Amino acid sequence: MKAIYKKELKSYFTSMMGYVYVAFVLLMVGIYFIAYNINGGYPLIGYSLSTVTFLFLILVPLLTMRALSEEQKNKTDQLLYTSPISIFQIVLGKYLALLTVFFIPILVICTFPLIMGRYGKLDYGMSYLAIFGFFLLGAAYIAVGLFISSITESQIIAGVISFSVLLVTYLITGISSFLSNTAITSLIAFTILTILLCLGYYIMTKNIILSVGLFIIAEGILFALYIGKKTIFEGGFAKVLNTLDLASASNNMIQNGILDISSIIYYLSVIGLFLFFTVQSIQKRRWS
């Protein structure tokens, strides 16, 4: 895994991608830091960080789109599969390399509260909790982007899909506010979601019997719940959509500098889940 990590990390700084990423993040954060915290006098660096979270929608796809898709295109993934390490170690090595590139500007940002402290009183705990929340959000986005990179050999397609998925998660709370809160609306929405999930499972496994079986079981459970306790469906789908808003989960830490254990668990769960999906995607392609 160490060799995979070193190789991947080196590739980002020999192709200029790593330098461009680090420079752009620091440029944008620096602009808002000077505008809001230095000139504006806001005591929380989280105000600047929350303003630039939209950058992840563009930068993360650019950073992750070549991570695994390039291996497929160049057929070097076959060398990885025959190496004496597990698929999980390969995925983890690549993820840690991406995380290291992302962490470099975070280290520089960690000096910003020290600069602010020279101009007045500052709660350093709140400031560094905000930076930690910013880091967790980026780490979750990177895990999503790495998974999408594993399902296609085209870097462009991986980048476009990653951008689209992250954009939807970024706007999902606003989208859910337009949905009706009636029970029947939630039932229909859950049914459509079940169809899409089972379709995705079929695409990955090519097992139509199991896919249809899962759909029938899921629909049976939905209808049983709907008939037995309709009230749990009222506004239920909107609540489920809100859990997909990765950005909002970090609001307490980034904007308010509050330690939110539930948000930490949420991001660690998202990271673990998408790393697992990435491993399964590679395993499927390995044995197909």
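Since we're looking at a predicted model, the values are computed, not measured.
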Problem set entry | Single-linkage hydrophobic cluster Met17~Leu59, side-chain heavy atoms < 4.5 angstrom | yes
Problem set entry | Ser149 side chain vs Thr64 backbone, donor-acceptor pair below 3.5 Å | yes
Problem set entry | Proximity of Phe102 and Phe56 rings by center, below 6.0 Å | yes
For this session: Would you name the heavy atoms of Val101 and Gly18 that are closest together and state the gap between them?
Result: CG1-CA, 4.3 Å
For this session: Go through the structure and list residues passing side-chain contact (heavy atoms from CB on, under 4.5 Å) with Ile34, not counting sequence neighbours.
Result: Asn39
Exercise. Should Tyr170 and Phe54 be marked as a ring pair (Phe, Tyr, Trp, His ring centres under 6.0 Å) after you check the CA-CA gap, both sets of side-chain angles, and the distance that decides it?
Worked result: CA-CA 8 Å; Tyr170 193 79; Phe54 73 92; 7.8 Å; no
Exercise. Does the side chain of Val279 reach to within under 4.5 Å of the side chain of Phe274, using non-hydrogen atoms?
Worked result: no
Throw together a table of side-chain donor-acceptor distances under 3.5 angstrom for residues 128-147, partners on residues two or more places apart or in other chains.
unit_1 : atom_1 : unit_2 : atom_2 : d
Tyr128 : OH     : Cys110 : O      : 2.7

For this session: For the pair Val52 and Val25, evaluate side chain to side chain contact (heavy atoms under 4.5 Å, CB included) and give the outcome as yes or no after the intermediate values.
Result: CA-CA 9 Å; Val52 300; Val25 171; over 6 Å; no
For this session: Please list, chain by chain and in numerical order, all residues satisfying side-chain contact (heavy atoms from CB on, under 4.5 Å) with Ile115, sequence neighbours excluded.
Result: Phe33, Ile38, Phe112, Tyr119
Exercise. So how far is it from Ile148 CD1 to Ser164 OG, rounded to the nearest 0.5 Å?
Worked result: 8.5 Å
For this session: Starting at NZ of Lys94, measure out to CG of Leu96 and round the result to the nearest 0.5 Å.
Result: 12.0 Å
Problem set entry | Exam field: side chain Ser281 to backbone Thr278, donor-acceptor pair closer than 3.5 Å | no
Exercise. Are Met65 and Ser162 side-chain neighbours, meaning at least one heavy-atom pair lies under 4.5 Å?
Worked result: no
Exercise. Can you check side chain to side chain contact (heavy atoms under 4.5 Å, CB included) on Tyr124 and Leu114, steps first, answer last?
Worked result: CA-CA 8 Å; Tyr124 289 100; Leu114 302 177; 4.0 Å; yes
Exercise. Which heavy-atom pair separates Val108 from Thr111 by the least distance, and what is that distance?
Worked result: O-OG1, 2.5 Å
Problem set entry | Interatomic spacing from CD1 in Ile90 to CD1 in Ile87 - rounded to 0.5 Å | 4.5 Å
Problem set entry | 4.5 Å side-chain heavy-atom contact, Leu27 and Ile31 | yes
Problem set entry | Shortest non-hydrogen separation from Thr53 to Ser50 and the atoms involved | OG1-O, 3.0 Å
For this session: Look at the side-chain heavy atoms of Ile, Leu, Val, Met, Phe, Trp and Tyr, link any pair under 4.5 Å apart, and say whether Val20 and Ile156 land in one connected group.
Result: no
Problem set entry | Shared hydrophobic cluster, Phe88 / Val91 (ILVMFWY, side-chain heavy atoms < 4.5 Å) | yes
For this session: Give a yes or no on whether the backbone of Leu63 and the side-chain of Tyr12 come within a donor-acceptor separation of less than 3.5 Å.
Result: yes
Exercise. Any idea which heavy atoms bring Met116 and Leu44 closest together, and the distance?
Worked result: CE-N, 4.1 Å
Exercise. Between Ser48 and Tyr32, is there a donor-acceptor pair closer than 3.5 Å when you use the side chain of the first and the backbone of the second?
Worked result: yes
For this session: Return yes if some donor-acceptor pair links the side-chain N/O of Thr14 with the main-chain N/O of Lys10 below 3.5 Å, else return no.
Result: yes
Problem set entry | Thr169 side, atom OG1; Leu246 side, atom CG - distance, nearest 0.5 Å | 4.5 Å
For this session: Rounded to the nearest 0.5 Å, what's the gap from CD1 on Ile58 to CE on Met28? Could you check?
Result: 9.0 Å
For this session: Check whether Ile106 and Leu26 end up in the same hydrophobic cluster, where Ile, Leu, Val, Met, Phe, Trp and Tyr are linked by side-chain heavy atoms less than 4.5 Å apart.
Result: yes
Exercise. Which atoms form the tightest heavy-atom contact between Pro61 and Leu166, and what is the distance?
Worked result: CD-CD1, 4.1 Å
For this session: Might you point out which heavy atoms bring Phe215 and Thr191 nearest each other, and give the distance in Å?
Result: CE1-O, 4.5 Å
For this session: Keeping the roles fixed (side chain from Thr51, backbone from Tyr47), state whether a donor-acceptor pair exists under 3.5 Å.
Result: yes
For this session: Look only at the side chain of Gln89 and the backbone of Ser86, and say whether a donor-acceptor pair between them is shorter than 3.5 Å.
Result: yes
For this session: Spell out, yes or no, whether Leu273 and Ile264 are grouped together once hydrophobic residues are joined by side-chain heavy atoms under 4.5 Å, including indirect joins.
Result: yes
Problem set entry | side chain to side chain contact (heavy atoms under 4.5 Å, CB included) between Ile271 and Tyr95, worked out | CA-CA 10 Å; Ile271 292 169; Tyr95 178 72; 3.5 Å; yes
Problem set entry | Euclidean distance, Arg66 CZ relative to Leu98 CG, rounded to 0.5 Å | 8.5 Å
